[in-house]
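Working notes, structure below.
A quick note: this is a predicted structure, and the numbers were derived from the prediction, not measured. Just so you know, these numbers use all the heavy atoms, side chains as well, and skip hydrogens, waters and symmetry mates. Chain identifiers are assigned alphabetically (A, B, ...) following the order of the sequence lines, protein sequences preceding nucleic acid strands; residue numbering begins at 1 within each chain.
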There are 2 protein chains.
Amino acid sequence: MIHIGIYNEHKLMGTGLAAILEQVPDFDVLFCTENKDKLMVFAQNGNLNILVLAIHDTSVRTMNLIVRLSLINPKARLLVVSFDNSEETIIKIVKSKAKGVLGREASKKELIEAIYTLRNGFDYFTSSISQMVLNQYINKLETPENKNEGLDSLSERQIEVLRLWGKSYSNQEIADELFISVRTVDAHKNHIMQKLQLKSMVELVKFSIKNNIIEI
Amino acid sequence: MIHIGIYNEHKLMGTGLAAILEQVPDFDVLFCTENKDKLMVFAQNGNLNILVLAIHDTSVRTMNLIVRLSLINPKARLLVVSFDNSEETIIKIVKSKAKGVLGREASKKELIEAIYTLRNGFDYFTSSISQMVLNQYINKLETPENKNEGLDSLSERQIEVLRLWGKSYSNQEIADELFISVRTVDAHKNHIMQKLQLKSMVELVKFSIKNNIIEI
DNA sequence: TCCTTCTATAGGTGAATCACCTAATTAGGC
DNA sequence: GCCTAATTAGGTGATTCACCTATAGAAGGA
């Protein structure tokens with residue numbers, strides 16, 4: 001008997017998952033909740049084998065939730081079902097201690113397969129996802145020099161310029177604010193673009209949002 | 001016997017909904033798909049009474065899908081299950097010809113109740129949602145002048161330009177893509193900025209992200 | 001210590017874009 | 001028929017972008 005818990009912010013969908021799993025004789029659904037606090041209590045159950053987490057975003061809160069769950073009950077293995085199966089999201093989930101990941105294209109059969117696999121002590125990733133992870137790994141190998149793509153590679157001054165620019169300041173306004181020449185502001189932006197390998201201002205805005213420099 | 005069709009981009013969740021509905025003796029699940037093209041074919045089935053649509057975003061594409069579905073088979077009443085139950089989203093869904101809306105907090109019982117209600121010719125909205133709609137209606141009365149702040153105020157062409165620009169296309173590239181002059185592209189962007197009362201490109205990117213024109 | 005690398009600063013130049021306009025044509029609504 | 005909006009495109013000057021170069025200082029390694 002495999003004891004399973006379900007968490008889904010979308011209550012109806014959680015109930016749906018439960019309905020699927022209850023069809024399998026080996027499976028026993030211990031709980032199914034859309035409430036985070038209740039989840040934290042239920043998750044401490046010593047009998048719990050598998051915890052199915054359906055997530056709808058990849059916010060810091062959500063990722064922290066996964067980490068916390070893996071800490072409060074290491075015996076319960078985490079199976080994350082994610083609607084968003086972009087490369088970025090998958091990497092985030094894998095990093096956050098999940099033992100298995102299913103994407104939006106997963107089938108009922110795959111869900112059941114994944115649970116058995118996790119129960120047997122192995123990790124499970126949907127084929128499309130494992131391919132993705134592999135690609136990511138290969139890319140890492142191919143660039144021995146870490147591209148240093150993140151915020152860390154930027155200097156304080158560069159971030160400051162980016163921050164003001166993100167507030168819709170013009171170059172002139174930024175220059176006035178920082179008591180430097182407009183050309184310097186321009187140079188800073190150029191250096192940032194070069195360093196981050198971005199093609200356009202649109203991508204720079206996206207980067208800034210991802211890194212919490214610009215609020216949306 | 002109520003004949004039901006299910007569409008959910010998240011295949012697993014669609015299967016889950018099917019599992020719930022199959023437990024009800026009165027219900028007959030005709031199909032359950034995550035494929036838009038197949039949905040379009042299945043939806044034409046004359047026997048179809050209820051079409052359950054689980055949606056994960058409120059992009060123009062998704063809303064158009066709802067409208068199209070209501071047109072190709074007016075007999076099949078649409079029940080939309082939305083993860084996002086913000087006021088904005090609900091209004092969009094209601095506008096798009098859906099006969100019923102369920103939010104993320106809906107229960108299995110409510111789903112079944114909603115289907116019976118729709119079958120009987122009435123509309124169904126979760127309580128939290130109907131309250132919201134009411135509030136919105138009151139607000140509308142209070143502001144006779146439509147603010148027209150959103151995506152709706154933009155023309156198809158303007159959205160198209162915005163979409164390409166959001167893909168980091170330069171004005172010249174957009175012009176080539178759409179077979180128009182660079183100046184026209186520029187004019188479109190100016191009109192967009194004016195209409196939306198945006199101060200900078202940064203704000204335009206934010207707007208585009210909020211409205212699912214740019215993916216992040 | 002010297003050498004290298006990174007950073008902050010600022011300038012040059014030409015192309016592209018922005019921010020203001022005007023304006024013709026067309027389509028839709030009242 | 002009139003009015004409004006959309007699409008198209010051009011003018012002009014300011015601003016910014018995308019390439020460079022260049023200097024002074026700081027940090028770090030051989």
Side-chain angles (χ1 to χ4, degrees), chain A residues 143-208 211 213-214, chain B residues 60 64 67 144-208 211 213-214:
Chain A
T143 55
E145 193 70 47
N146 281 6
K147 275 195 238 161
N148 231 353
E149 286 185 327
L151 195 57
D152 300 336
S153 63
L154 297 184
S155 69
E156 283 296 317
R157 198 60 160 173
Q158 288 168 344
I159 292 175
E160 183 64 13
V161 170
L162 199 50
R163 199 180 58 77
L164 292 174
W165 177 73
K167 284 168 132 186
S168 301
Y169 282 41
S170 72
N171 282 5
Q172 188 56 62
E173 287 172 322
I174 296 171
D176 293 344
E177 181 88 13
L178 300 178
F179 303 107
I180 54 178
S181 148
V182 182
R183 312 309 310 278
T184 308
V185 175
D186 193 30
H188 277 305
K189 283 208 279 182
N190 281 325
H191 291 154
I192 292 169
M193 297 287 284
Q194 257 182 4
K195 203 187 276 184
L196 299 175
Q197 292 285 302
L198 301 179
K199 279 181 300 192
S200 69
M201 289 302 118
V202 175
E203 293 189 354
L204 189 54
V205 176
K206 288 187 198 174
F207 171 87
S208 304
N211 289 281
I213 298 170
I214 297 183
Chain B
V60 180
N64 283 343
V67 174
E145 194 71 46
N146 282 3
K147 277 196 234 162
N148 230 355
E149 283 188 325
L151 194 58
D152 299 336
S153 63
L154 297 184
S155 69
E156 283 297 316
R157 197 59 158 177
Q158 288 168 343
I159 292 175
E160 182 66 13
V161 170
L162 199 52
R163 199 180 58 76
L164 292 174
W165 178 72
K167 283 168 132 185
S168 300
Y169 282 40
S170 71
N171 282 4
Q172 187 58 60
E173 287 173 321
I174 295 171
D176 293 344
E177 180 89 10
L178 300 179
F179 303 106
I180 53 178
S181 149
V182 183
R183 313 308 310 281
T184 308
V185 175
D186 192 30
H188 278 306
K189 283 209 279 183
N190 280 325
H191 291 154
I192 292 169
M193 298 286 284
Q194 257 182 1
K195 203 187 276 182
L196 299 175
Q197 292 284 303
L198 301 178
K199 278 181 301 192
S200 70
M201 290 301 117
V202 175
E203 294 189 353
L204 190 54
V205 175
K206 288 188 199 173
F207 171 86
S208 305
N211 288 281
I213 299 171
I214 296 183

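Of the candidates C:dC18, C:dA10, D:dC17, C:dC18 carries the atom nearest the B:Asp186 side chain, counting heavy atoms from C-beta on. Counting only heavy atoms from C-beta on, A:Ser181 has its side chain closest to C:dA10 among C:dA10, C:dT9, D:dA18.
Spacing between atom CE of B:Met193 and atom P of C:dC21 amounts to 15 Å, rounded to whole angstrom units. Atom-to-atom, CD of B:Glu173 to C1' of C:dA15 comes out at 14 Å; the value is rounded to the nearest Å. If you take CD1 of B:Ile159 and C1' of D:dA6, they are 13 Å apart, rounded to a whole angstrom. Straight-line distance from the CD atom of B:Gln194 to the P atom of C:dC21: 8 Å, rounded to whole Å. Nucleotide D:dA22 holds its C1' atom 13 Å from the CZ atom of A:Arg183, rounded to whole Å.
In this structure, a donor-acceptor pair under 3.5 Å is absent between the side chains of A:Gln194 and A:Asn190.
Residue A:Thr184 places none of its side-chain N or O atoms closer than 4.0 Å to OP1 or OP2 of C:dT9. A close approach under 4.0 Å does not occur between any side-chain nitrogen or oxygen of B:Lys195 and OP1 or OP2 of D:dA5. At D:dT16, one or more side-chain N or O atoms of A:Ser170 fall inside 4.0 Å of OP1 or OP2 (strictly under the cut-off). Contact annotation: A:His188 reaches the phosphate of C:dT9 (side-chain N/O to OP1 or OP2, under 4.0 Å). Checking the phosphate oxygens (OP1, OP2) of D:dC17, a side-chain nitrogen or oxygen of A:Lys189 falls inside 4.0 Å.
B:Asn190 comes within 4.0 angstrom of a nucleotide base, judged by non-hydrogen atoms across all strands.
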